[in-house]
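Input: a single structure, listed below in structure tokens.
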There are 2 protein chains.
Amino acid sequence: MSLKAPSHAIFALWTGLIRANADLQARIETALQAKGLPPLAWYDALWEIEKAGTEGIRPFALQDRLLLPQYGLSRLIERLVKAGYVERRACAGDGRGQMLHLTGEGARVRAAMWPVYETTLTGAVEARLSAAETVDLARLMQRLLG
Amino acid sequence: MSLKAPSHAIFALWTGLIRANADLQARIETALQAKGLPPLAWYDALWEIEKAGTEGIRPFALQDRLLLPQYGLSRLIERLVKAGYVERRACAGDGRGQMLHLTGEGARVRAAMWPVYETTLTGAVEARLSAAETVDLARLMQRLLG
DNA sequence: GTTATATTAATGCAACTGCATCTACATAGG
DNA sequence: CCTATGTAGATGCAGTTGCATTAATATAAC
């Protein structure tokens, strides 16, 4: 039978998690901001909408993927629309709903964000972890998520 | 010489980090809120101030430990003072500064938060990771932090 | 069809955050 | 002493978030 982890190990994990998250997030946001690009949260939304293609996608379907509450998503979409990156279209078959579509400008901005996002993140991780450690850490993190 | 981790492993790590952080944070905040206790951010501040004892502590000294910007800390302290959990006292030798002290009520609330915090966090982690995995994960996270 | 319940999305309001700036005091250089 | 620069902390404002509620439509029960 397995022993329980001592509380201090769990708290070391927890504080490490918080700090690593804050550190990486800050690096990415700073890099994006330095290039005059939108915040990271927009990237994920634009990407999910872009993947939906000509079909479009319903807001409620984005909710789980984006880890946002309903009103948070509603307002994020509102901003994306106002910025001209996303279009709302009526939803055939459900009068309550809407289909979201990426505009050309939205695609352009998403594409511009990607290399900044990617190089900042991989740069920061590779500076500190070997390939093997990265894989191990990713695997353990998945286990932590159940 | 070591190989670079493939980008997908780094992104798996990154999304795992975000989700694990959000998941644990949400559990703790929910548990605290369910007991009518203040948010998690208050705990750390109260605890640091409590550790400072009768000496008290200067706000700028809390900044690094609490991972807050200067104005964020200023306002957190403002709320803690208004709630009656913290006292500001004049700072001998530096007219700009102040010394922060925990009140009895502050200590009581901090103490009430602890078991909720602790059991929620350890419960969530122990449900998914063995002791060995927890230690490994904590160690790798430290490495990620440089 | 009518009523009850559920789902999609938006919104009023208060609290909170980020950014830039400001005030007050401290320290250094002349 | 006086001025210049640095540091501690607060704050105005605009933008964002959380919570609760609302509006509109859909589905289920009768």
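Every chain is numbered from 1, with letters handed out A, B, ... down the list of sequences.
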For this session: Specify the closest pair of heavy atoms between A:A45 and A:L80, including all atoms of both residues, with the distance to one decimal.
Result: CB-CD1, 3.8 Å
Seminar exercise, completed: Tightest non-hydrogen contact, residues B:S7 and A:T122, listed as OG-CG2, 4.1 Å
Exercise. If you group Ile, Leu, Val, Met, Phe, Trp and Tyr by side-chain heavy-atom gaps below 4.5 Å, do B:I77 and B:W47 land in one group?
Worked result: yes
For this session: For A:K51, look at atom NZ and say whether over 12 heavy atoms of other residues, nucleotides or ligands are found less than 6.0 Å away.
Result: yes
Exercise. Is there a residue in residues 21-39 of chain A whose heavy atoms reach under 4.0 Å of DNA chain C, and which residues are they?
Worked result: A:Q33
Exercise. When you measure from every atom of DNA chain D, which of residues 48-64 of chain B have a heavy atom less than 4.0 Å away?
Worked result: B:R58, B:P59, B:F60
For this session: With a 4.0 Å heavy-atom cut-off, tell me which residues in residues 92-100 of chain A come close to DNA chain C, sorted by residue number.
Result: A:R96, A:G97, A:Q98
Exercise. If you look only at pairs with a residue in residues 105-114 of chain A, which of them pass as a side chain to side chain donor-acceptor pair (under 3.5 Å), with sequence neighbours excluded?
Worked result: A:Y43-A:R110, A:E50-A:R110, A:E105-A:R108
Exercise. Listed by chain and number, what are the side-chain hydrogen bond (donor to acceptor under 3.5 Å, both in side chains) partners of A:W14, not counting sequence neighbours?
Worked result: B:Y117
Exercise. Between the side chain of A:S74 and the main-chain N/O of A:Q70, is any donor-acceptor distance below 3.5 Å?
Worked result: no
Problem set entry | Along DNA chain D, first and last positions that approach a heavy atom of chain B under 4.0 Å | D:dG6 to D:dC19
For this session: Not counting sequence neighbours, which residues clear side-chain hydrogen bond (donor to acceptor under 3.5 Å, both in side chains) with A:R19? List them please.
Result: none
Exercise. Does A:R75 have any side-chain hydrogen bond (donor to acceptor under 3.5 Å, both in side chains) partners at least two apart in sequence or in another chain, and if so, which?
Worked result: none
Exercise. What are the residues of residues 67-85 of chain A, sorted by number, that bring a heavy atom to within less than 4.0 Å of DNA chain C?
Worked result: A:Q70, A:Y71, A:S74, A:R75
Exercise. Of the non-hydrogen atoms in A:I49 and A:L62, which two are nearest, and what is the gap between them?
Worked result: CG1-CD1, 4.0 Å
Seminar exercise, completed: Across all chains, not counting sequence neighbours, the side-chain contact (heavy atoms from CB on, under 4.5 Å) partners of B:A41 are none
Problem set entry | Residue pairs passing the side chain to side chain donor-acceptor pair (under 3.5 Å) test where at least one lies in residues 52-63 of chain B, sequence neighbours excluded | B:R58-B:D94
For this session: Considering non-hydrogen atoms only, spot the tightest contact between B:P38 and B:L32 and give its length.
Result: O-CD1, 3.6 Å
Problem set entry | side chain to side chain donor-acceptor pair (under 3.5 Å) contacts in which one or both residues fall within residues 134-146 of chain A, not counting sequence neighbours | A:R143-B:E133
Exercise. Taking all non-hydrogen atoms of both residues, which atom of A:L140 and which atom of B:L129 are closest, and how far apart?
Worked result: O-CD2, 4.0 Å
